[in-house]
Amino acid sequence: MPFFALVMIESRLVRMFDELKAEIGAEALADIPQEDLIELIQNKGQGYNKFIFEKNQTLKDICQNDKSFNIDFEAYLRGFDGETRDLLGVDATEGEKFLDIKGVIAKLNAKKVLLGYTQEWSSIDLKPFNNSEITTLEEHIKRRWADISAETAGEQYTPDDVIGLIAEIIASNIEDSDRLLKIYDCTCGGGNLLFGVEDRINAKVQRLTQTFGQDWNDALYALAKIESRFRLDSKILHGNTLTDDKFDDGAFDVVIANPPYGVSWKGYEKAIKDDKTQRFKYLPSISDGQLLFMQHLISKLSDRGMGVVVHNGSTLFSGDAGSAESNIRKWMLDIDIVEAVIQLPTDEFFNTGIYTYLWVLNKRKSGDRQDKVMLINASEKFKPLKKNKGSKRKEIDEVSRLEIVETLARFVDNDYARVFEKEFFYFNKQGIILTNIDSLDYKEQPLMVTTDKAVYSFDSDRETIIKQSGAKREELGCGKFVVKAAFKKASKTQAERIEITVELTPDYQKDYEIIPFHRDEVANREAIAAFMAKYITKPFEYLEKVVGVEINFNKVFYKPEKLRSVEEILEEIVMLDEELKELEKLIIEG
């Protein structure tokens, strides 16, 4: 990656210089004083290199002389402007490596292959490639890099076909306008998703775009930052979005992200809990920070903003009713920001084969979509790759992408998509206390316990313990007698013995019932009461009720396997029986 970045930077600077010559004229450019020329180039904000602009030499020229290569290469690298040197890691010290070209050079030198390796890279001409194509090339290299270096399956590089689908969804909601469109990715990595979406939007819609991104991975941030300098209007910053939001005053028209899956946020737990921005309504399990990023992105949406976020399945159903995960989902549906959830095929990403999902967020839902959510099961909308790319064996082809976008645009049921009132995903978790009286038939085996103060017995007709103290009779409710025996050693005052004690304790069994939810509170209470009357036969008391939310694709789109008829099975048994008889006959006859 450092050498790809190096060649990319050089090709962009050379191309920029060629364009400047064509614009001003080679002769006129030659007449400009060097100081003014340097200032003119530096004002473009794309970087600077003394060898390219002052000596008219490139990396390929430096590689021609093997005698002076090491000295010239060092000078060439130091000839870049300060920011480029920092991003490449030319002057890196421990902990400030970014792309760490210095460390890579040291390894190549130790193997005595630096010159040959650099010559190979210098022979690659990236000038003909536009911004979008460069981003795609960079993604292919990062993908190969990820195959061997990704620490967890949660570290995902978004493949080009998924980027295409995300861009199509967003573009379908954008009209031609002279108003600036601000696009934000809070985990932008090397920028492939952010810039890929921008390029595709620009190809479909007449709209000025501005991109914003943040990432805390040094190398990926450096790649995105370098790429941003060659784009019309882009701002990439370095840092942990969850603890150090660099765009804390920003509001964006479009938010996109593919945050890490199942990655712990324990290392910065205190900072998250002490966060004063109010962007985190609830804190999910410390083992998975996906829904922290989701809440952050929602806080970044403008009043009419929309977004598409990639997650794994845990964001749909992890956590019981009352948990932070369930509460976050409920909050999202309560504020009516979820327009759709799209299940993608398995084997779509480079280093995991799991199902992934696109959450489509929209703060400007049309009237017919308000308080509704569409589920799209696009798990079969793909073409198999002719050659696998790591774990990636499928791709969402263009026909499938357009079909998915059209389904979302129509917002009506079909064979792989359904529209629901948002309350379909809510459920009541009703707590109750049951009486456990099944363990003993008290009519057949009456039990009485006598103490100094009272006599206790069980009235099986009324299903209650009776406390009789003189003439006073008191019903204590359901309970149980706990009889305990314990061996006691001899003491100075008492002989060795077995002590028997009887303890009267409540015998309550706590249970929970999952009951469908109704938007109207009166109807909801009536539905709970009807459920209890139908299914709960023992005496009980109501405890707390919690409303949970989960999105279950299997429940909605499950198709039971068609079973064979009994007649068909019997016919096959008869056929197999005949075959066995024939085989047996052949064996006997020799």
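Remember, predicted model here, so these are calculated numbers, not experimental data.
- Comment: K392 engages D161 in a salt bridge, judged by a side-chain N to carboxylate O separation of less than 4.0 angstrom.
- For the pair E168 and K204, the salt-bridge criterion is met [side-chain N within less than 4.0 Å of a carboxylate O].
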Before giving the answer on side-chain contact (heavy atoms from CB on, under 4.5 Å), spell out for F4 and L126 the whole-Å C-alpha distance, their side-chain angles and the decisive distance to 0.1 Å. CA-CA 10 Å; F4 173 81; L126 296 178; 4.1 Å; yes
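- Look at D81 and R229 and you find a salt bridge, because one of the NZ, NE, NH1 or NH2 atoms lies within 4.0 Å of a carboxylate O, short of that distance.
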Assess the residue pair N312 and T356 against the criterion (side-chain hydrogen bond (donor to acceptor under 3.5 Å, both in side chains)); give the C-alpha distance rounded to whole Å, side-chain angles, the decisive distance to 0.1 Å, and a yes or no. CA-CA 5 Å; N312 70 7; T356 48; over 6 Å; no
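- Of the charged side-chain nitrogens involved, none lies within less than 4.0 Å of a carboxylate oxygen, so that R401 and D397 do not count as a salt-bridged pair.
- Under the salt bridge (Lys or Arg N to Asp or Glu O under 4.0 Å) criterion, the residue pairs touching residues 418-427 are D371-K422, E421-R519, E423-R519, with sequence neighbours excluded.
- Less than 6.0 angstrom separates the ring centroid of Y48 from the ring centroid of F53.
- Looking at Q210 and D233, their side chains do bring a donor and an acceptor atom within 3.5 Å of each other.
- Ion pairing between a basic and an acidic side chain is recognised when a charged N comes within 4.0 Å of a carboxylate O; D275 and K273 show no such pairing.
- Residues meeting the side chain to side chain contact (heavy atoms under 4.5 Å, CB included) test with R393, sequence neighbours left out: D347, N388, S391.
- Side-chain contact annotation: E325 with T315, donor-acceptor N/O pair under 3.5 Å absent.
- Between R369 and E339 there is a salt bridge, with a side-chain nitrogen of the basic residue lying less than 4.0 Å from a carboxylate oxygen of the acidic one.
- Around atom CD of E521, more than 12 heavy atoms belonging to other residues, nucleotides or ligands sit under 6.0 Å away.
- Less than 6.0 angstrom separates the ring centroid of F247 from the ring centroid of F212.
- No close placement of the F280 and H296 rings is indicated, their centers lying 6.0 Å or farther apart.
- Residue-environment remark: NZ (K235) stays at or below the threshold of 12 foreign heavy atoms within 6.0 Å.
- Checked options V254, V360, V255; the residue passing with I170 is V254 (criterion: side-chain contact (heavy atoms from CB on, under 4.5 Å)).
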Let me see the working for H518 and Y426 under ring pair (Phe, Tyr, Trp, His ring centres under 6.0 Å), right down to the final yes or no. CA-CA 8 Å; H518 293 264; Y426 294 50; over 10 Å; no
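- Side-chain N/O atoms of S177 and R179 include no donor and acceptor closer than 3.5 Å.
- Under the 3.5 Å distance criterion, with hydrogens and angles disregarded, no donor-acceptor pair is assigned to the side chains of H311 and N258.
- The pair D199-R231 meets the salt-bridge criterion, with a side-chain N (NZ, NE, NH1 or NH2) lying under 4.0 Å from an Asp/Glu carboxylate O.
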What verdict does the side-chain contact (heavy atoms from CB on, under 4.5 Å) test give for V205 and E175, after you've listed the backbone C-alpha separation in whole Å, the side-chain angles of each residue and the deciding distance to 0.1 Å? CA-CA 7 Å; V205 184; E175 298 177 349; 6.0 Å; no
Working for side-chain contact (heavy atoms from CB on, under 4.5 Å), residues V263 and D288: CA-CA 5 Å; V263 174; D288 189 352; over 6 Å; no
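- Within a 6.0 Å sphere centred on CG of D303, heavy atoms belonging to other residues, nucleotides or ligands number 12 at most.
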Which is it for F98 and Y221 under the ring pair (Phe, Tyr, Trp, His ring centres under 6.0 Å) test, yes or no, and what are the steps along the way? CA-CA 8 Å; F98 290 114; Y221 155 74; 5.5 Å; yes
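- For F553 and Y357, the gap between ring centers is short of 6.0 Å.
- In this structure, K225 does not pair ionically with D86, as no charged nitrogen and carboxylate oxygen lie closer than 4.0 Å.
- Ion pairing between R207 and D178 fails under the 4.0 Å rule for side-chain N and carboxylate O.
- Open room surrounds CG on L232; 12 or fewer heavy atoms of other groups in view lie less than 6.0 Å from it.
- Remark: the E403 side chain and the Y416 side chain contain an N/O donor-acceptor pair separated by less than 3.5 Å.
- Counting heavy atoms of neighbouring residues, nucleotides and ligands inside a 6.0 Å radius, atom CD of E133 exceeds 12 of them.
- Here the shortest heavy-atom pairing between K394 and P345 reads CD-CB, 4.1 Å.
- Checked against ring pair (Phe, Tyr, Trp, His ring centres under 6.0 Å), Y268 has the following partners two or more places apart in sequence or in another chain: W216.
- Side-chain contact, S234 with T211: a donor N or O sits under 3.5 Å from an acceptor N or O.
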Test log, rule side-chain hydrogen bond (donor to acceptor under 3.5 Å, both in side chains), inputs S326 and Y282: CA-CA 10 Å; S326 178; Y282 304 93; over 6 Å; no
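- Within a 6.0 Å sphere centred on NZ of K383, heavy atoms belonging to other residues, nucleotides or ligands number 12 at most.
- The pair R12-E227 meets the salt-bridge criterion, since a charged nitrogen lies less than 4.0 angstrom from a carboxylate oxygen.
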